[in-house]
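Worksheet: one structure, shown below.
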Amino acid sequence: MASGHHVAAWRHPDAQADAGLNIAHYRELAQTAERGKFDMVFVADSPGAGLKGEASTFARSSQGAKFEPVTLWAALSQVTSYVGFVATASTTYEDPYTLARKFASLDWISGGRAAWNVVTTGADVAANFGLDRHPDHSLRYERAEEFLTVVKALWDSYEDDAFVRDRTSGIYADPDKAHSVEHRGAHFDVRGLLNVGRPPQGYPVIVQAGASEAGRDLAARTSEVIFTANLTLEDAQEFYADVKGRLPRFGRNPEQLLIMPGIFPVLGGTEKEARDNYEHLQSLVHPETAWGILKRHYQGADLSGYSLDDIAPPLPSETNGNKSRLKLVTDYVERERPTLRELYRTMATARGHRVFVGTPEQTADAIQLWFENGAADGFNIMPPILPTGLTDFVDQVVPILQRRGLFRTEYEGATLRQNLGLERPGNAHTLAAHTLAATPVRENAA
Ligand SMILES: Cc1cc2nc3c(=O)[nH]c(=O)nc-3n(C[C@H](O)[C@H](O)[C@H](O)COP(=O)(O)O)c2cc1C
């Protein structure tokens, strides 16, 4: 989130109000993350702002002015050397060939530091693409599975050493090492070669953040990093064990998928200072924004009979949008019986991610607790405001984690896969050829 993860971040005097369209701001963030030895930086995205809808909410949101992620990261890869770049792109609203091409290019341009956050897009942006309606959740996930198959096949269309560029013979590409995709499926018909060589990482790292049944299965089958939102240690442990437990079903081992819950750290030199910082942020949420948040969670239901001090009524039981977030909020409402004010304040802060308000030492403790108790392999750090929230985290929390031996002091490798400890996937055609070569030819019995 450009100005920070709090819904009113852009109004804070320390935040960059025009962050979404400010390349110097993003350059500073990427370089600070690299100074802090972060594995990667990540931008969330939706392919459109939807309809103008309720003018007041639209008018108060900073989400309508931001860069397209792949373009942004391509630029920032040129002013950094190690940090990885996770760009969000939608399998519901994009096209596999164009997407495979963009991410392969980003992987080349960044020297093997690209990752794709595969999203099915919860927000209804159908009108931006000439569609009558937002496709159903199950259909979106079906399409996502096929989309990934096609994109990987395109990334494999050239073997790693296909481009021989032999000046003497005049052969640029070895035809035996080029494999046209021949895909005909329920959602896509794609034939031909990609016009980019195989990405340096084989495939850019595949990131995913779905947490419904379909989302967890997609992650277990195809993802290498999963972002998640969990409010309690118990929920995070349940999610961690469940998703890791699904991998063997898809012939994978649990180390091939890294789970990274979000944490929204509100720092202060003392506990009191941290709490004051938190209250200052909350005071910036305009009442119209508060009602907009509630309306979204209640899927447009009429809340006009309620005041903010009423106990939050039950949420709708179904959604065609973000199923796991609905479950998280429903559990919270049932567990805590919050007022509507408490509910919007919780969601305004980190949209369901874990909020931690405290000193750097306490924040490091909170991170350590989850890391050492089967709840996380790493964390998605979501500073309330940017750039200061990131700078503070890097200067104040990272050194504590390093002193405790919990976090690296130097990058291990040059590519994102190397730094995450993930294997480079082999090319399917090369692997098939080797398997064939290793299989003894049977004597003809006749
Ligand atoms: C940390 C995090 C980041 C996410 N970023 C995006 C995003 O950038 N764009 C998007 O459309 N969805 C994003 N999502 C939503 C997920 O992709 C997914 O739609 C959501 O978690 C609901 O999945 P489910 O329907 O399987 O429950 C994000 C989720 C999490 C936890």
Side-chain angles (χ1 to χ4, degrees), residues 1-2 5 20 39-50 63 66-70 72-73 85-94 99 115-126 128-129 134-145 147-148 206-223 225-231 235-236 238-240 242-243 246 258-264 296-297 299 315-331 347 349-355 375-383:
M1 294 288 176
H5 283 267
D39 294 283
M40 54 207 193
V41 286
F42 157 55
V43 273
D45 193 63
S46 193
Q63 293 306 302
K66 55 189 183 184
F67 293 127
E68 186 286 313
V70 175
L72 170 66
W73 290 152
F85 294 102
V86 190
T88 299
S90 174
T91 53
T92 301
Y93 292 103
E94 296 214 26
L99 185 139
W116 170 26
N117 179 33
V118 180
V119 299
T120 60
T121 302
D124 179 349
V125 293
N128 290 349
F129 295 87
H134 189 47
D136 285 344
H137 189 271
S138 57
L139 191 70
R140 297 204 306 275
Y141 271 105
E142 237 182 73
R143 185 178 148 109
E145 300 261 11
F147 199 116
L148 266 157
I206 303 293
V207 182
Q208 220 254 328
S212 58
E213 277 298 309
R216 291 179 191 209
D217 269 350
L218 180 67
R221 192 196 315 258
T222 60
S223 304
V225 173
I226 180 158
F227 292 141
T228 161
N230 299 117
L231 288 175
D235 281 351
E238 184 278 324
F239 181 81
Y240 188 97
D242 178 272
V243 174
R246 290 176 195 232
L258 305 171
I259 298 183
M260 303 192 187
I263 181 168
F264 176 99
R296 208 165 46 247
H297 284 290
Q299 298 174 35
L315 283 115
S317 55
E318 265 305 322
T319 176
N320 186 31
N322 185 330
K323 286 193 191 294
S324 43
R325 204 61 61 89
L326 174 65
K327 177 170 184 320
L328 179 145
V329 181
T330 301
D331 289 351
M347 294 304 140
T349 313
R351 300 178 313 283
H353 287 266
R354 178 189 184 197
V355 176
D377 296 311
F379 293 87
N380 185 12
I381 307 298
M382 308 168 58

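Each ligand, and each atom within it, is numbered from 1 in the order the structure gives. As the structure is a computational prediction, the values presented were derived from the model and not from experiment.
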If you look at each N/O of ligand 1, which protein N/O atoms lie under 3.5 Å away, and at what distance?
unit_1, atom_1, unit_2, atom_2, d
ligand 1, 8 (O), D45, N, 2.6
ligand 1, 8 (O), D45, O, 3.4
ligand 1, 8 (O), T88, OG1, 3.4
ligand 1, 9 (N), D45, O, 2.7
ligand 1, 21 (O), A209, O, 2.8
ligand 1, 25 (O), H137, NE2, 2.7
ligand 1, 25 (O), K323, N, 3.4
ligand 1, 26 (O), Y141, OH, 2.6
ligand 1, 26 (O), A211, N, 3.1
ligand 1, 26 (O), S212, N, 3.0
ligand 1, 26 (O), S212, OG, 2.5
ligand 1, 27 (O), S212, N, 3.2
ligand 1, 27 (O), K323, N, 3.4
ligand 1, 27 (O), S324, N, 2.8
ligand 1, 27 (O), S324, OG, 2.6

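Contacts of T91 classified as side chain to side chain donor-acceptor pair (under 3.5 Å), with partners at least two apart in sequence or in another chain: none.
Of all non-hydrogen atoms in T92 and R143, the two that sit nearest each other are O-NH2, 3.4 Å. For the pair L99 and E94, the tightest heavy-atom approach, listed with the atom from each and the gap, is CD1-OE1, 3.9 Å.
Here the side chain of K323 pairs a donor or acceptor atom with the backbone of T319 at under 3.5 angstrom.
Between P47 and N128, every side-chain heavy-atom pair lies at or beyond the 4.5 Å cut-off.
With no hydrogens or angles considered, no side-chain donor-acceptor pair links S138 and D136 at under 3.5 Å.
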